[in-house]
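First up is the structure itself, then whatever we jot down about it.
Each residue takes its place number in the sequence, starting with 1. All figures in this text were calculated on a predicted structure; none of them were measured in a lab. Atoms within each ligand, like the ligands themselves, are counted from 1 in listed order.
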Amino acid sequence: MTMQFTVAIDGPAAAGKGTISKAVAKDFGFAHLDTGLLYRAVGFKTLQLEPDAITTDVAVDLAKCLTPEDLTNDSLRTGDVAQAASRVAVIPEVRDVLLEFQRTFAIRDGGAVLDGRDIGTVICPSADVKMFVTASAEVRAERRFLELSAKGHDVERAGVLADVIARDKRDSERETAPLVAAEDAVIIDTSDLTIEDAIIAANKVVASVFNGK
Ligand code: CDP
C-alpha cells in the first residue's frame, strides 16, 4: 500500500525553512525537496550569460534542461545567485516548467516535505500540513550572514540584510505565486526561537496530523 503525506513549508528568505524541513523529513522518514534550489540553479545559469541575452525563452530553456547535478553545485548558496533566482522566479513560464516536477515529488510514496515560497498556495494547495516559517528581516539576515561566513564566503552584514529585503520585496510583489502564507498555514515565527525549539514546534504540528492518519 502506498503512503502519501505532503508537508508544505513556505516563508521568506533565510527564515529557517531549510533547516526545519530537513529535520522534519528526517524525523518522520519523509523525502525532502528544497524548491529554492530549482530557482537558484536556473538563476546560476543566467549569471553566465550577458544580461541582454536573458529573455523569457532563454530562461525557460534553462529551466527545462536542469539536471540533478545542477542542484548540487556549491555556488548556489551565494547572495548573487539568490538574487538571480528571485529574478527568474518572477517569470510565470519558468515557474510552469518547474511545477510538474515539484507536484510529482510531493505525492511520492513514503511522504514528502517541500520548502519554498508557494508550496502551500500553488504547488500543493491540498498538502496535509502547511506551515509558514518567518522571522524579522534583521534576525534572518544575521542568521544568513553567520551561515555564509561559516562557509567561507566574504560577506558583510549590511549587504546580506539588503539582499534579504530586496528578495522579500520581489518575491512578495510578483504577480505569479507571490510569497504569502496560505490561509490554512500554521505560522511559526522563529525570531525568538532557537533552531531546536523551531524544529520542536514544527514537528508537533506535523505529528498532530500525521499521527491521526
Ligand atoms: O534559502 P532562501 O530562503 O534564502 O532562498 P531559497 O528558498 O533558496 O529561494 C531562492 C529564491 O527562489 C527566492 O528568493 C524566490 O525568489 C525563489 N523561489 C520561489 O520563487 N519559489 C519557491 N518555491 C522557492 C524559491
Problem set entry | ring pair (Phe, Tyr, Trp, His ring centres under 6.0 Å) contacts in which one or both residues fall within residues 48-107, not counting sequence neighbours |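 As it turns out, there is no ring pair (Phe, Tyr, Trp, His ring centres under 6.0 Å) pair with a partner in residues 48-107 once direct neighbours are skipped.
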
Problem set entry | Sequence neighbours excluded, every pair satisfying ring pair (Phe, Tyr, Trp, His ring centres under 6.0 Å) that has a member inside residues 7-40 | Phe5-Phe30, Phe28-Phe30, Phe28-Phe210, Phe30-Phe210

Problem set entry | Qualifying side-chain hydrogen bond (donor to acceptor under 3.5 Å, both in side chains) pairs with a residue from residues 44-65, counting only residues at least two apart or across chains |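 Every pair satisfying side-chain hydrogen bond (donor to acceptor under 3.5 Å, both in side chains) with a residue in residues 44-65: Lys45-Asp70.
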
Problem set entry | Heavy-atom donor-acceptor pair, Gln4 side chain to Asp109 backbone, under 3.5 Å | no

Problem set entry | Ser86 and its side-chain hydrogen bond (donor to acceptor under 3.5 Å, both in side chains) partner, picked from Arg174, Arg40, Arg170 |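 The side-chain hydrogen bond (donor to acceptor under 3.5 Å, both in side chains) with Ser86 is passed solely by Arg170 among Arg174, Arg40, Arg170.
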
For this session: Check Ala41 against Leu76 and note the closest heavy-atom contact, atom names and distance.
Result: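 For Ala41 and Leu76, the tightest heavy-atom pair comes out as CA-CD2, 3.9 Å.
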
Write 'none' if nothing qualifies; otherwise put on separate lines each N/O atom of ligand 1 with a protein N/O atom under 3.5 Å away and their distance to 0.1 Å.
| from | atom 1 | to | atom 2 | distance (Å) |
| --- | --- | --- | --- | --- |
| ligand 1 | 1 (O) | Arg77 | NH2 | 3.1 |
| ligand 1 | 1 (O) | Arg144 | NH2 | 3.2 |
| ligand 1 | 3 (O) | Ala14 | N | 3.1 |
| ligand 1 | 3 (O) | Lys17 | NZ | 2.8 |
| ligand 1 | 3 (O) | Arg117 | NH2 | 3.2 |
| ligand 1 | 4 (O) | Arg40 | NH2 | 3.3 |
| ligand 1 | 4 (O) | Arg144 | NH1 | 2.8 |
| ligand 1 | 4 (O) | Arg144 | NH2 | 3.4 |
| ligand 1 | 4 (O) | Arg167 | NH1 | 3.3 |
| ligand 1 | 4 (O) | Arg167 | NH2 | 2.7 |
| ligand 1 | 5 (O) | Arg40 | NH2 | 3.3 |
| ligand 1 | 5 (O) | Arg117 | NH2 | 3.2 |
| ligand 1 | 5 (O) | Arg167 | NH1 | 3.2 |
| ligand 1 | 7 (O) | Arg117 | NH1 | 3.1 |
| ligand 1 | 8 (O) | Arg40 | NE | 2.6 |
| ligand 1 | 8 (O) | Arg40 | NH2 | 3.4 |
| ligand 1 | 14 (O) | Arg117 | NH2 | 3.4 |
| ligand 1 | 14 (O) | Arg167 | NH1 | 2.9 |
| ligand 1 | 14 (O) | Asp171 | OD2 | 2.7 |
| ligand 1 | 16 (O) | Asp171 | OD1 | 2.6 |
| ligand 1 | 16 (O) | Asp171 | OD2 | 3.4 |
| ligand 1 | 20 (O) | Arg95 | NH1 | 2.8 |
| ligand 1 | 20 (O) | Arg95 | NH2 | 3.4 |
| ligand 1 | 20 (O) | Arg174 | NH1 | 2.9 |
| ligand 1 | 20 (O) | Arg174 | NH2 | 3.0 |
| ligand 1 | 21 (N) | Arg95 | NH2 | 3.0 |
| ligand 1 | 23 (N) | Thr35 | OG1 | 3.0 |
| ligand 1 | 23 (N) | Arg117 | N | 3.1 |
| ligand 1 | 23 (N) | Asp118 | OD1 | 2.9 |

